[in-house]
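Values in this document were obtained by computation on a predicted structure and should not be read as measured data. Any value given below was found using the heavy atoms of this structure, including those in side chains, with hydrogens, waters and symmetry copies removed. All chains are named by letter (A, B, ...) in the order of the sequence lines, taking the proteins before the strands, and each is independently numbered beginning at 1.
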Amino acid sequence: MPELPEVQTVVSTLQPRVEGKRLARVDLKRPDIVRPRGFDLERALRDRTISVIARRGKRILFTLETGEQWYIHLGMTGRLTVESPAAEIAKHTHFIATLAPGGQELRFRDPRRFGGIFWIGTEQTESNLGPEPLGLRPAQLAKRLAQTRRAIKSALLDQNLIAGLGNIYVDESLFLARIHPLAASNELKTEQVARLNRAIKQTLRRAIRHRGSTLRDYVDANGAGGGFQLKHRVYDRAGEPCRTCRGPIERIVLGGRSTHFCPRCQRRAKR
DNA sequence: GTCCATGTTCTTTA
DNA sequence: CTAAAGAACATGGA
């Protein structure tokens with residue numbers, strides 16, 4: 001569910017309700033979602049105050065008043081919401097923190113458990129996470145894409161190459177840039193990379209404006225779904241007419257992921 | 001029962 | 001050796 005626009009929306013809706021609040025009670029129902037394994041998260045968070053919530057790639061990064069940091073990754077089905085303590089506790093809720101003042105609860109739910117809670121602490125450990133796509137310059141993107149011969153689709157899914165894109169927004173960005181998903185990353189022309197860089201930013205900005213895409217699980221911190229799924233040009237539209245040329249959208253499997261594109265609008269470079 | 005799913009990481013293959 | 005492809009993880013919905 002969560003790519004950059006969804007994670008950004010969660011962060012934006014979380015900020016006014018959680019920043020400055022103290023974690024008065026912390027109830028970790030599934031210790032195995034915490035990394036490193038065996039880390040005593042309840043003890044580390046109890047009575048701490050959250051000063052800042054931010055997004056880095058698909059991570060929701062929390063900074064405590066102590067300067068210590070930790071983050072939540074939503075995986076595929078994760079939800080991070082602020083709810084009334086009276087609200088029913090949904091199945092697969094793994095973490096509940098009571099916020100003070102106010103008594104509202106910060107809850108993390110993740111049926112598939114591909115997500116998790118990651119303690120960083122205060123160490124300045126190097127992260128391999130790639131640069132943020134918004135604010136990325138074309139020359140920087142070109143340099144990174146030149147380092148691999150993989151299909152551009154696979155390259156853009158690599159969080160170490162560029163952080164925050166997932167299956168939906170890679171397909172949408174490639175369509176907007178009119179680049180075939182199987183095109184070799186290192187063979188893209190300068191002009192194509194420039195177009196791709198613009199397409200990624202435009203796609204992400206539009207998606208954020210529409211509060212993300214809700215296909216199944218995704219909701220923001222207030223429990224509200226997004227609306228960008230209605231604007232998808234190719235994702236999950238196999239067989240439907242291209243919004244540009246009316247030809248049918250094609251679906252292929254690439255790197256184990258379903259990939260959607262318009263074979264007419266996204267021609268492969270002749271070689 | 002089958003297939004598929006917004007993600008990441010470990011293993012296998014080339 | 002490295003890069004890339006494939007499998008695995010866990011649950012639920014169509």
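Here A/Phe114 does not pack flat against the base of B/dT8, since the 5.5 angstrom centre distance and 30 degree tilt limits are not both met.
Between A/Leu254 atom CG and B/dA5 atom P there is a gap of 13 Å when expressed in whole angstrom units. One atom, CG of A/Asp158, and another, C1' of C/dG6, lie 16 Å apart when rounded to the nearest Å. Between A/Ile72 atom CD1 and B/dT8 atom C1' there is a gap of 17 Å when expressed in whole angstrom units. Rounded to whole Å, the distance from NE2 on A/His260 to P on B/dA5 is 7 Å. Residue A/Leu145 contributes atom CG, which lies 12 Å from atom P of C/dA4 at whole-angstrom precision. We find that CZ of A/Arg257 is positioned 17 Å from P of C/dA8, with the value rounded to whole Å. If you take CG of A/Asp32 and P of C/dA10, they are 9 Å apart, rounded to a whole angstrom. Here B/dG7 presents its C1' atom at 16 Å from OH of A/Tyr218, a figure rounded to the nearest Å.
Among the protein residues, A/Tyr235 comes within range of the sugar-phosphate backbone only, with heavy atoms under 4.0 Å from sugar or phosphate atoms but none that close to a base. Contacts of A/Arg149 with the nucleic acid, taken as non-hydrogen atoms under 4.0 Å apart, involve only primed sugar atoms and P, OP1 or OP2. Within 4.0 Å of A/Arg251, counting heavy atoms only, lie sugar-phosphate atoms of the nucleic acid but no base atom.
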Map every base of DNA chain C to its dot-bracket character, where paired means a Watson-Crick or G-U wobble contact with both distances under 3.5 Å and | marks a partner outside the strand.
.||||||||.||||

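OP1 or OP2 of B/dG7 has not a single side-chain nitrogen or oxygen of A/Arg59 nearer than 4.0 Å. Using a 4.0 Å cut-off, some side-chain N or O of A/Lys91 falls inside it from OP1 or OP2 of C/dG12. Applying the 4.0 Å criterion to OP1 and OP2 of B/dG7, one finds that A/Gln159 has every side-chain N and O outside that range. For B/dA5, the OP1/OP2 oxygens have no side-chain nitrogen or oxygen of A/Thr77 closer than 4.0 Å. Between C/dT11 and A/His92, no contact under 4.0 Å exists linking OP1 or OP2 to a side-chain N or O.
Proximity of a side-chain donor or acceptor of A/Arg17 to a complementary backbone N or O of A/Glu83 within less than 3.5 Å is not detected. Not one N or O on the side chain of A/Arg233 forms a donor-acceptor pair closer than 3.5 Å with the backbone of A/Arg243. Looking only at distances, no side-chain donor or acceptor of A/Gln104 sits under 3.5 Å from a matching main-chain atom of A/Thr98.
Atom name P, nucleotides C/dA10 and B/dT11: the rounded distance is 15 Å, in whole Å. Rounded to whole Å, the separation between the P atoms of B/dT9 and C/dC1 comes to 23 Å.
Between A/Gly255 and A/Arg113, the residue anchored closer to the 5' end of DNA chain C is A/Gly255, taking for each the nucleotide with the nearest heavy atom. Of the residues near DNA chain C, A/Ser154 and A/Arg216, the one whose nearest nucleotide (by heavy atom distance) lies more toward the 5' end is A/Ser154.
The pair A/Asp32-A/Arg113 counts as a salt bridge, with a side-chain nitrogen and a carboxylate oxygen less than 4.0 angstrom apart. For A/Arg107 and A/Glu105, the salt-bridge test passes: some basic side-chain N is under 4.0 Å from an acidic carboxylate O. Using a cutoff of 4.0 Å between basic side-chain nitrogens and carboxylate oxygens, A/Asp171 and A/Lys153 are scored as salt-bridged. With salt bridges taken as basic N to acidic carboxylate O contacts below 4.0 Å, none links A/Arg149 and A/Glu187.
Here the side chain of A/Ser258 is nearest to one of B/dA5, B/dT8, C/dT11, namely B/dA5. The side chain of A/Arg150 has C/dA4 as its nearest neighbour among B/dA5, C/dG12, C/dA4.
Put simply, the side chain of A/Arg112 and the base of B/dA5 share a donor and an acceptor less than 3.5 Å apart.
Annotation: side chain of A/Tyr235 is not in contact with side chain of A/Phe228 (no heavy-atom distance under 4.5 Å).
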Show which side-chain atoms of residues 59-66 of chain A pair as donor or acceptor with protein atoms under 3.5 Å away, not counting sequence neighbours.
from, atom 1, to, atom 2, distance (Å)
A/Thr63, OG1, A/Gln69, NE2, 3.0
A/Thr66, OG1, A/Glu68, N, 3.2
A/Thr66, OG1, A/Glu68, OE1, 2.7

